[in-house]
Amino acid sequence: MDYVYIKDVSKYVGKEVTIKGWLYNKRSSGKIYFLLLRDGTGIIQSVAAKGEIPDEDYELCDKITQESSMIVTGVIREDSRSPGGYELSLQHIEVVQISEPYPITPKKHGISFLMDNRHLWLRSKKQNAILRIRAEVINAVRDFFNKEGFILVDTPILTPCSVEGTTTLFETDYFGRKAYLTQSGQLYNEATCMALGKVYCFGPAFRAEKSKTRRHIIEFWQVEPEIAYAELKDVMDCAEKLIVYIVARVLEKRKDDLFAIERDIQPLENVTSPFPRITYTEAVKILHQKDEHFEWGGDFGAPQETIISESFDRPVHITHFPARIKPFYMKRPPEDEKLALGVDVLAPEGYGEIVGGGQREDNLEILEKRLKEDNLPKKDFEWYLDLRRYGSVPHGGFGLGIERTITWLCGIQHIRESIPFPRLLDRIYP
RNA sequence: UCCUCAGUAGCUCAGUUGGAAGAGCGCCUGACUGUUAAUCAGGAUGUCGUAGGUUCGAGCCCUGCCUGAGGAGCCA
């Protein structure tokens, strides 16, 4: 039998339709029942009054519990008394399964309980909206790079060694040898961009860091473009254009979901070019103006990032970091060897870093020297050094953290709600 | 890894100075033909995280452990 989705009911006013869904909530008064039905595309109130539907169907209204699966038939009406403005006058109810008592009631729950029931929590309105926004962000990212002429390349998840030596990697057994889950596809992207010009990879990354904050998950998704014949400014332009595109797309297609999660969209509407571009040294000056104690040379922590980002009404680029807080592959400007041509983009409203990237070192001798300084095994990086031996060109790229971007766009407090099944420190169930 | 806080009914929590184990929601029974987290009346529901200790007596005080949350560092 043909059926309609709740998001489309406005097209069926006055018509008989069949909807397949689940009972979201139930209210009753005397001989009338109000069943709130959800189907993944929306929620509609349906009404069953005694005498107006067969008695056996009416009796089912009493029996069905929250989240029972059911197929209902009725006529769509416009009705201002119904939340959502449309209502279904029930004619027939077919119960697929009576749900056991559902753990997540419409009342308040603690985060620990909700995380234990994440597989069910996803059915609630807010989580539903966040996941739809997530899907839109991912589609926007893909559309952007495809339209800009980037080639999608899939970099490996299993890698023989670290990209950034200092961070902790997940180790696994690779037929008797050690292998690691990737932290980034960047080094491989540097190879593929020399083959294809403009490339991007999009996939999961893993950090075995014992991070326990609202901005960290162990397994997260990032998109990493890499551009041949690009300098720092080109990388910044690309990141800015991408962010503007994502925000505009979500505002265009997912406004209902932003309202559903009560996101104030005014700050998102500010997100247009140009973004402010400041250097690390200027950022330190901002901190000093705001009476924040900070010494030039250190890395910004969460409180510093918040102060800096709150000084602007849209994302801000920060460039020219002290070289010693950035990885070995980052190019240093010839005029000042103490700096690195890196860029971080901080999201506004205190949401912190969503983009990290920069221009890569393209000179063979300098790169060899850096490997030695960082005590990295040259043997493992021979292929990477080859990229500087055979037609080296200036190039660069960045990584954009998908979950951090979603967390910011949704205005939610914690990154764990931005991915269906977050992997957190000490939490891998469900 | 470090700092802070928490763990009592299915869920959210209260529990006074150490002296009889509580409320709301959910669930069960009943009333109500327009509810909006419906409302109203009645009912059932406990290894007080765990192992010790102090005490005539511990949900409450002390110690260890477990689990969770918030934050730091690290980072996207």
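Keep in mind that the numbers below use all heavy atoms, side chains included, and drop hydrogens, waters and symmetry copies. What you see is a predicted model; the values in this text were computed from it and never measured. Lettering follows sequence order; numbering is per chain, from 1.
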*Compare the minimum distances between each of B:C75, B:C11, B:G73 and the side chain of A:H109, then state the nucleotide with the smallest one.*
B:C11

*Rounded to whole angstrom, note down the C1' distance from B:G26 over to B:U67.*
25 Å

*asked:* Any base atoms under 4.0 Å from A:G352, or only sugar-phosphate, or nothing? Heavy atoms, all strands.
replied: nothing

*Using whole Å, report how far CZ of A:R404 lies from C1' of B:C75.*
6 Å

*Provide the distance between the two C1' atoms, one in B:U45 and one in B:A21, to the nearest whole Å.*
12 Å

*Aromatic centroids of A:Y188 and A:W383 separated by under 6.0 Å*: yes

*Is it true that A:K50 and A:E59 have a side-chain N and a carboxylate O under 4.0 angstrom from each other?*
no

*Evaluate side-chain hydrogen bond (donor to acceptor under 3.5 Å, both in side chains) for A:Q45 paired with A:E87, printing each intermediate quantity in order.*
CA-CA 5 Å; A:Q45 175 166 289; A:E87 193 168 74; 2.8 Å; yes

*asked:* Less than 4.0 angstrom between a side-chain N/O of A:K107 and OP1 or OP2 of B:U12, yes or no?
replied: no

*Whole-Å distance between B:U67 C1' and A:M115 CE?*
15 Å

*Gap in Å between the two P atoms, one belonging to B:C62 and one to B:U16, rounded*: 14 Å

*If you find the nucleotide of RNA chain B closest to A:G401 and the one closest to A:G110, which residue's nucleotide is nearer the 5' end?*
A:G110

*Between B:A69 and A:R427, is there an OP1 or OP2 to side-chain N/O distance shorter than 4.0 Å?*
yes

_Pairwise P distance for B:A37 and B:A31, with rounding to whole Å_ = 25 Å

*Rounded off to whole Å, could you give me the CD1-to-P distance for the A:I53 and B:U33 pair?*
16 Å

*Looking just at side-chain N and O atoms, do A:S418 and A:R134 make a donor-acceptor pair shorter than 3.5 Å?*
no

_Below 4.0 Å: OP1/OP2 of B:C32 and any side-chain N or O of A:K31_ = yes

*When all nucleic acid strands are considered with a 4.0 Å heavy-atom cut-off, which category describes A:I217: base, sugar-phosphate, or nothing?*
base

*Nearest to side-chain heavy atoms of A:D299, which nucleotide of B:C32, B:C75, B:A76*: B:C75

*asked:* Only Watson-Crick and G-U wobble pairs, only distances under 3.5 Å, only runs of 3 or more: what stems does that leave for RNA chain B?
replied: B:1-7 with B:66-72, B:10-13 with B:22-25, B:27-31 with B:39-43, B:49-53 with B:61-65

*Heavy atoms, side chains only, cut-off 4.5 Å: are A:D264 and A:P267 in contact?*
yes

*asked:* Taking B:U50 as the reference, what is the distance to B:A44 when you measure between their C1' atoms (whole Å, please)?
replied: 28 Å

*To the nearest Å, give me how far apart CD1 (A:I98) and P (B:C27) are.*
13 Å

_Check for me whether the distance between the ring centres of A:F150 and A:F144 falls short of 6.0 Å._
no

*asked:* Judged by each residue's nearest nucleotide on RNA chain B, which is more toward the 5′ side, A:S28 or A:T65?
replied: A:T65

_N/O donor-acceptor pair, side chain A:S211 with base B:C74, under 3.5 angstrom_ = yes

*Between A:Y245 and A:D143, does any side-chain donor sit less than 3.5 Å from a side-chain acceptor?*
no

*asked:* Using a strict heavy-atom distance below 4.0 Å, which residues from residues 82-92 of chain A are in contact with RNA chain B?
replied: A:S82, A:P83, A:E87

*Does B:G34 have A:F34 stacked on its base, where the ring centres are within less than 5.5 Å and the planes differ by under 30°?*
no

*Which part of the nucleic acid does A:A302 contact within heavy-atom distance under 4.0 Å: base, sugar-phosphate only, or nothing?*
sugar-phosphate

*Is A:E136 salt-bridged to A:R254, cutoff N-O under 4.0 Å?*
yes

*Distance between the C1' atoms of B:U54 and B:C25, in whole angstroms?*
39 Å

*Where the side chain of A:Q45 is concerned, which of B:A76, B:G34, B:A37 is the nearest nucleotide?*
B:G34

*Can you tell me which residue pairs pass the ring pair (Phe, Tyr, Trp, His ring centres under 6.0 Å) test with a partner in residues 70-91 of chain A, sequence neighbours excluded?*
none

*Separation of B:C28 P from A:Q66 CD (nearest whole Å)*: 12 Å

*Kindly point out which of B:A76, B:U12, B:A69 is positioned nearest to the side chain of A:R207?*
B:A76

*Ring centres of A:F275 and A:F312 under 6.0 Å apart?*
no

_B:C65 to B:C2 separation - P atoms, rounded to the nearest Å_ = 11 Å

_Among B:C74, B:G34, B:G70, the nucleotide that comes nearest once only the side chain of A:V47 is considered_ = B:G34

*Can you tell me how far C1' of B:G70 sits from NE2 of A:H414, to the nearest Å?*
9 Å

*Taking CG from A:L114 and P from B:G68, how many angstroms apart are they, rounded to a whole number?*
15 Å

*Taking only the side-chain heavy atoms of A:H216 (C-beta and beyond), determine which of B:U35, B:C75, B:U33 contains the nearest atom.*
B:C75

*asked:* Output the rounded distance in Å from CG (A:D62) to C1' (B:G30).
replied: 12 Å

*Distance between P atoms of B:A41 and B:G24 (Å, rounded)*: 10 Å

*Indicate yes or no: at least one non-hydrogen side-chain atom of A:V271 is less than 4.5 angstrom from one of A:I243.*
yes

_Contact under 4.0 Å: A:R81 side-chain N or O vs B:U33 OP1/OP2_ = no

*Determine the contact category for A:S112: base if any of its heavy atoms lies under 4.0 Å from a base atom, sugar-phosphate if only primed atoms, P, OP1 or OP2 are that close, otherwise nothing.*
sugar-phosphate

*Determine: side-chain N/O of A:R215 to OP1/OP2 of B:G70, distance under 4.0 Å, yes or no.*
no

_Would you say that A:T18 contacts A:V72 through its side chain, given a criterion of any heavy-atom pair below 4.5 Å between the two side chains?_
no

_A:T279 and A:F321, any side-chain heavy atoms less than 4.5 Å apart_ = no

